[in-house]
There are 2 protein chains.
Amino acid sequence: MTNDAPAPAMPKLADFLCFAVYSANLAYGRAYKPILDALGVTYTQWIAIVALWEEDGLTVGALGERLFLESNTLTPILKKLEVLGYVVRRRDPADERQVIVTLTPAGRALREMGAQRTLVQASGLTPDDFRRLQRDVTRLRDNLIQSVGHAAADPEPA
Amino acid sequence: MTNDAPAPAMPKLADFLCFAVYSANLAYGRAYKPILDALGVTYTQWIAIVALWEEDGLTVGALGERLFLESNTLTPILKKLEVLGYVVRRRDPADERQVIVTLTPAGRALREMGAQRTLVQASGLTPDDFRRLQRDVTRLRDNLIQSVGHAAADPEPA
DNA sequence: CCTTAATAGATCGTACACGATGCAATCGTA
DNA sequence: TACGATTGCATCGTGTACGATCTATTAAGG
């Protein structure tokens, strides 16, 4: 034993909020897998369809803002969804740099099929706790993003 | 407009707890990036070191239980950490199937360096809220995992 | 009008996650 | 003690994330 006093204030893995979020995300991925397999899409493909149902005809960039993803991640996913027949990608005639993504009828039908199956039950939370946790985690996300933005905007934080 | 009554009870993306967790995880990844870049490791490599600091000499499987990862994900990460000089991997002489992972002094030193930098501030939460959210997200994760385990154990759920 | 800068997507390389599979070591049981 | 089953780790293929870079298009300035 080279160190018999391993520093008193070293937090454990179970105390990390980032690890709770990380591992909860992994758990969600596994819980969603059977549902999404039945629909024939992946998780990221699915949330893209959900976002487009909510607001159709978005550009790749605008969709990325809603999903917190960049074009380098979205482009291959949207191309796959196009091959599957769930979306259409076309250049905006008014600005050929932009690509407008639209749900097909098949894409809308898929969204409606998926709405039948939820995981509220698997979360083991009451509806009130569910909503509260949803709100708190969302706020955490927004705080983190804001702090990253600040760091980027401020070249000399300390 | 082909559909002027788009189903009343269709939840929005912002109402999904899974999406809150998913996007919070992305946000954490970006917030952690500068810190981990300074340490020269990735997030998954980092939590592996944290787990080994907490309990050293774990097998790949036991480490995977703590991190919620399988050997197919862990093996390449641990090999990289070995190349970097932070861990040692050796077969257990008592059971040659198992590989025991041990932190090197350099690995322990890295853990101590990383402990200086935290993101509690970036979360924008009071210490109490931080702990409460950490506990709630952890419970959500465990509930999800249990529900997946049930589904796997029960061949005919419905 | 022409050149330069900015913008929006797309492409490429790296690193996870994870299902499926392979393989060596061990266990269980006759 | 054979030998089939199980276990533990590793390998492979697919699909995200994301930094860096490229290209085409538009905007801005002289």
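For clarity, every value in this text was computed on a predicted model and none was experimentally measured. Chain naming here is simple, since letters A, B, ... match the order of the sequence lines and numbering starts at 1 in each.
When all heavy atoms of S71(A) and P76(A) are compared, the closest pair comes out as O-CD, 4.2 Å.
Phosphate contact (OP1/OP2 of dT14(D), side-chain N/O of K80(A), threshold under 4.0 Å): absent. Dashed line: the shortest gap from a side-chain N or O of R89(A) to OP1 or OP2 of dA10(C) is under 4.0 Å. For Y22(A) and dC16(C), the shortest distance from a side-chain N or O to OP1 or OP2 is not below 4.0 Å. Within the structure, every side-chain polar atom (N or O) of R97(B) is placed at least 4.0 Å from both OP1 and OP2 of dG22(C). Dashed line: the shortest gap from a side-chain N or O of T75(B) to OP1 or OP2 of dA10(D) is under 4.0 Å. The shortest distance between the side-chain N/O atoms of K33(B) and the OP1/OP2 oxygens of dA15(C) is not below 4.0 Å.
Between Y28(B) and Y22(A), the distance separating the two ring centers is not shorter than 6.0 angstrom.
The distance from atom OH of Y32(B) to atom C1' of dA15(C) is 19 Å, rounded to the nearest whole Å. Rounded to whole angstrom, the span from the CD atom of E96(B) across to the C1' atom of dC27(C) amounts to 16 Å. Rounding to whole angstrom units, CZ of residue R90(B) and P of dA25(C) are separated by 18 Å. Following rounding to the nearest Å, D92(B) (CG) and dG8(D) (P) show an atom-to-atom distance of 12 Å. Summarising the geometry, the separation between CZ on R30(B) and C1' on dG19(D) is reported as 12 Å, rounded to the nearest angstrom. Straight-line distance from the CD atom of E65(A) to the C1' atom of dG9(C): 15 Å, rounded to whole Å. Across the protein-nucleic acid pair, D95(A) atom CG and dT26(D) atom C1' stand 6 Å apart, rounded to whole Å. Per the geometry, CZ belonging to F19(B) stands 15 Å off P belonging to dT16(D), to the nearest Å.
Between G29(A) and V60(A), the residue anchored closer to the 5' end of DNA chain C is V60(A), taking for each the nucleotide with the nearest heavy atom. In terms of position on DNA chain D, the residue among E70(A) and A62(B) whose nearest nucleotide sits closer to the 5' end is A62(B). Closest-nucleotide positions on DNA chain D for N25(A) and I100(B) were compared, and the one nearer the 5' end corresponds to I100(B).
Of the possible polar contacts, one joining the Q134(A) side chain to the A14(B) backbone as a donor-acceptor pair under 3.5 Å is found. Side-chain atoms of T104(B) come within 3.5 Å of backbone N or O of Y86(B) as a donor-acceptor pair.
In summary, R66(B) and E54(B) do not engage in a salt bridge, as defined by a charged side-chain N under 4.0 Å from a carboxylate O. A salt bridge does not link E96(B) with R91(B): every distance from a Lys NZ or Arg NE/NH1/NH2 to an Asp or Glu carboxylate oxygen is 4.0 Å or more.
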**Study point:** Stepwise side chain to side chain contact (heavy atoms under 4.5 Å, CB included) test for R132(B) and D136(B)
**Key:** CA-CA 6 Å; R132(B) 194 167 51 76; D136(B) 290 349; 3.9 Å; yes
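Among dA10(D), dA10(C), dC18(D), the nucleotide with an atom closest to any side-chain atom of K79(B) is dA10(D). Comparing dC16(C), dT26(D), dG9(C) by their closest approach to the side chain of R91(A) singles out dG9(C). Side-chain proximity of T73(A) to dT26(D), dA10(D), dC18(D): nearest is dC18(D).
At a non-hydrogen distance threshold of 4.0 Å, T42(B), T44(B), Q45(B) from residues 39-47 of chain B come into contact with DNA chain C.
Among the atoms of the strands shown, only primed sugar atoms or phosphate atoms (P, OP1, OP2) are found under 4.0 Å from some heavy atom of Q98(A). Counting non-hydrogen atoms under 4.0 angstrom, L74(B) reaches nothing in the nucleic acid.
The base of dG19(D) sits within donor-acceptor range of the side chain of N72(A), with an N or O pair under 3.5 Å. On a pure distance criterion of 3.5 Å, a polar donor-acceptor pair joins the side chain of S71(A) and the base of dA10(C).
Side-chain contact check for W53(B) versus E112(B): some heavy-atom pair is nearer than 4.5 Å. A heavy-atom distance below 4.5 Å is found between the side chains of Q45(B) and L84(B).
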